Amino acid sequence: MPEQSSTRTLRGLIEVTRLARAGGSLTERLGELARTIGESLDYATVAITLYRPAWDDFRVTAVSGREQARSTLLGCTRTREDYQPLLDDRFLHRGAYVIPAGSHDWSRSGTVYSPPVEPVPDDPDAWHPEDVLLVVLKASDGSLLGVMSVDEPASLRRPNADDLDVLVTVAEHVALAIEDAQTNEIAVRNRAGIEHLLKVSLRLAETQCVDEILQSVADAIRRALGFERVSIELTHPNEDGFLMRSSAGWGPAGPPATGLTPESIAKLLDPEYEVEGCYLLPHEVATSRVSETRYASTLNGNGPHAWHRHWLLVPLVDRKGQLQGFIWPDDPADRLLPTREKMQALRLFANQAATALDSAARFEELEFLADHDPLTRLPNRRAFVRQLDAETARAQRYGTPFSLVLCDLDRFKELNDRAGHLVGDDELVRFASRLTASIRRTDFAYRIGGDEFALILVEASDEEARVVIERVGATVTEGSPVLDASFGVAVFEQEGSSDDLFKRADAAMYEAKRSGGSVGVAA
């Protein structure tokens with residue numbers, strides 16, 4: 001090799017090494033690499049083709065050389081099957097594949113570029129326009145990254161052993177550049193995911209609103225992890241199914257409900273398909289296990305690692321291990337099955353959501369218990385006093401009467417002493433439910449003491465209050481013959497205060513107890 005050519009080659013290798021570790025987009029970096037390789041190794045055409053796992057094919061990404069070569073090759077795709085006959089061991093020499101003219105039928109290979117080179121007759125080492133020289137690009141773990149091919153050497157000679165060694169060395173640096181760029185891209189996505197996770201964590205700490213919590217999680221999964229559609233369903237209050245609560249990427253109409261139930265989802269949460277606490281099932285497996293129809297993904301690929309209508313479920317589990325609902329990410333933008341790292345990120349988002357939901361539920365319960373009785377779930381005395389004052393003020397302002405009914409359960413202490421407090425608690429719950437069932441939606445029922453209850457009957461007269469009391473009283477002794485109830489009724493018309501009204505109803509109730517009647521009416 002002439003000294004000038006050796007110097008140019010050495011400089012080219014140094015430049016290739018620098019570009020391999022340079023920043024910038026992968027496409028730009030590969031374009032610079034192709035140009036540098038062509039100039040330093042004296043090839044008129046250099047093409048770098050990337051392997052696309054989602055499609056299991058190869059796409060020409062960078063071309064250096066004649067305009068005809070660029071316009072012909074750039075963007076062309078070939079399948080793995082197209083390359084298979086070229087990567088035959090009989091063509092392998094010192095790490096490169098040298099396919100001489102006439103050894104492959106190019107008419108079946110789609111788009112082909114033939115350089116304007118006149119073959120030298122009777123010279124076995126002369127470069128022929130149909131000669132092909134390529135090197136497979138592999139990552140450090142041996143996985144496929146792509147192919148680099150060169151054409152039309154300036155010497156118009158087929159490469160010797162030294163030429164092949166240099167070309168293979170250069171290809172290793174190109175592979176390093178591709179792997180570095182792809183690794184960096186993954187790192188950027190992972191950093192973005194962590195940043196989104198931190199933002200979501202802060203946002204979740206600032207709100208106790210379930211809908212805000214779920215929307216933040218759905219948006220973060222879409223933006224940080226690259227799923228074009230995300231939906232979140234929570235268990236239905238009656239526990240017979242799930243309710244759609246939040247989504248991202250579905251537009252104003254929102255996603256279709258999955259129709260899953262606790263029974264059917266259990267068939268999908270199979271340890272065989274579990275990865276990092278997420279469950280990824282092939283479409284055929286999922287549909288064979290449940291009858292519910294589901295949106296079919298549109299961003300599918302066809303490679304061995306491609307997403308193809310898969311079902312991905314991320315369970316939301318509370319502190320007690322009970323299923324709260326699930327996240328359903330779909331349509332990955334890269335059309336690939338999620339990596340283990342992406343599954344870990346999904347699990348982190350799900351854990352954040354589950355923790356926030358649990359915190360919100362406890363907050364809601366504390367708020368609820370501030371105004372409600374924890375046993376019967378009826379509003380408590382605090383809520384009763386507030387509503388009684390409000391109804392009194394309204395009646396005074398508009399001249400509309402309302403009735404106050406106080407009642408307690410007779411011989412309730414006897415029931416507690418004889419059967420125990422658990423039985424007594426059950427009776428209180430039963431009585432509370434019957435109170436609620438006996439009044440109108442505009443009326444109010446309260447537990448204001450141990451076995452003492454109150455009703456505020458809006459715009460109800462004495463006669464209307466008696467009808468409600470009869471309805472309640474008829475159910476009191478059902479299943480509990482030892483119990484009776486005493487009622488006191490007071491009607492507020494236009495004068496007096498809420499305290500006066502309460503005292504009159506209370507006196508009427510105790511009068512009913514003393515006289516043995518079930519209902520006392522205040523004068």
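All of these numbers come straight from a predicted model, not from anything done at the bench.
- In terms of the side-chain hydrogen bond (donor to acceptor under 3.5 Å, both in side chains) criterion, Asn184 has no residue partners (sequence neighbours excluded).
- Rounded to the nearest 0.5 angstrom, Leu336 CG and Lys342 NZ are separated by 8.0 Å.
- In this structure Phe242 satisfies the ring pair (Phe, Tyr, Trp, His ring centres under 6.0 Å) test together with Phe326, sequence neighbours excluded.
- The closest side-chain heavy-atom distance from Ile265 to Leu323 is below 4.5 Å.
- When side chains are defined from C-beta on, Trp328 counts as touching Leu313, because their heavy atoms get closer than 4.5 Å.
- Side-chain contact between Pro329 and Leu225: absent, with no pair of heavy atoms (C-beta onward) separated by less than 4.5 Å.
- Annotation: salt bridge (charged side-chain N to carboxylate O under 4.0 Å, His left out) contacts involving residues 271-288, sequence neighbours excluded, comprise Glu276-Arg340.
- Summarising the geometry, atom CG belonging to Leu145 is positioned 11.5 Å from atom CD1 belonging to Ile48; distances are rounded to the nearest 0.5 Å.
- Contact check on Asp219 versus Arg222 returns no salt bridge, with no Lys/Arg side-chain nitrogen under 4.0 Å from an Asp/Glu carboxylate oxygen.
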Residues 396-407 side chain polar contacts: donor-acceptor under 3.5 Å, at least two apart:
residue : atom : partner : partner atom : Å
Gln396  : NE2  : Gly496  : O            : 2.9
Ser403  : OG   : Ala460  : O            : 2.6
Ser403  : OG   : Ser461  : O            : 3.3

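- At a threshold of 4.5 Å between non-hydrogen side-chain atoms, the residues Phe487 and Val472 count as touching.
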Throw together a table of side-chain donor-acceptor distances under 3.5 angstrom for residues 299-307, partners on residues two or more places apart or in other chains.
residue : atom : partner : partner atom : Å
Asn300  : OD1  : Arg309  : N            : 2.7
Asn300  : ND2  : Ser297  : O            : 2.6
Trp307  : NE1  : Ser297  : OG           : 3.0

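- Rounded to the nearest 0.5 Å, atoms OG1 (Thr376) and CZ (Phe431) are 11.0 Å apart.
- With a 4.5 Å cut-off on side-chain heavy atoms, Ile232 and Gln215 do not count as touching.
- At a threshold of 4.5 Å between non-hydrogen side-chain atoms, the residues Leu280 and Trp311 do not count as touching.
- Within the structure, the salt bridge (charged side-chain N to carboxylate O under 4.0 Å, His left out) test picks out the following pairs touching residues 49-61 (sequence neighbours left out): Arg52-Asp57, Asp56-Arg80.
- Asp500 pairs by the salt bridge (Lys or Arg N to Asp or Glu O under 4.0 Å) definition with nothing, not counting sequence neighbours.
- Here Glu391 pairs with Arg394 in a salt bridge; the nearest charged N to carboxylate O distance falls below 4.0 Å.
- Remark: Asp211 engages Arg245 in a salt bridge (Lys or Arg N to Asp or Glu O under 4.0 Å) (not counting sequence neighbours).
- Of all the heavy atoms in His372 and Asn380, the pair that sits closest is N-ND2, 3.3 Å.
- The shortest side-chain heavy-atom distance between Tyr279 and Pro315 falls under the 4.5 Å cut-off.
- Comment: Arg514 engages Glu511 in a salt bridge, judged by a side-chain N to carboxylate O separation of less than 4.0 angstrom.
- A donor and an acceptor atom, one from each side chain of Thr436 and Ser433, are nowhere located under 3.5 Å apart.
- Arg381 meets the salt bridge (Lys or Arg N to Asp or Glu O under 4.0 Å) test with no other residue; sequence neighbours excluded.
- Side-chain contact annotation: Asp141 with Ser143, donor-acceptor N/O pair under 3.5 Å present.
- Every residue two or more places apart in sequence or in another chain that forms a ring pair (Phe, Tyr, Trp, His ring centres under 6.0 Å) with Trp250 is listed here: Tyr295.
- The ring pair (Phe, Tyr, Trp, His ring centres under 6.0 Å) search around Phe58 returns Tyr51, Tyr83, not counting sequence neighbours.
- Counting only residues at least two apart or on different chains, the side chain to side chain donor-acceptor pair (under 3.5 Å) pairs with a member in residues 444-454 are Asp373-Arg447.
- Between atom CG of residue Leu281 and atom CG of residue Leu312 there is a gap of 9.0 Å, rounded to the nearest 0.5 Å.
- Under the 4.5 Å side-chain criterion, counting only non-hydrogen atoms from C-beta, Ser486 is in contact with Asp408.
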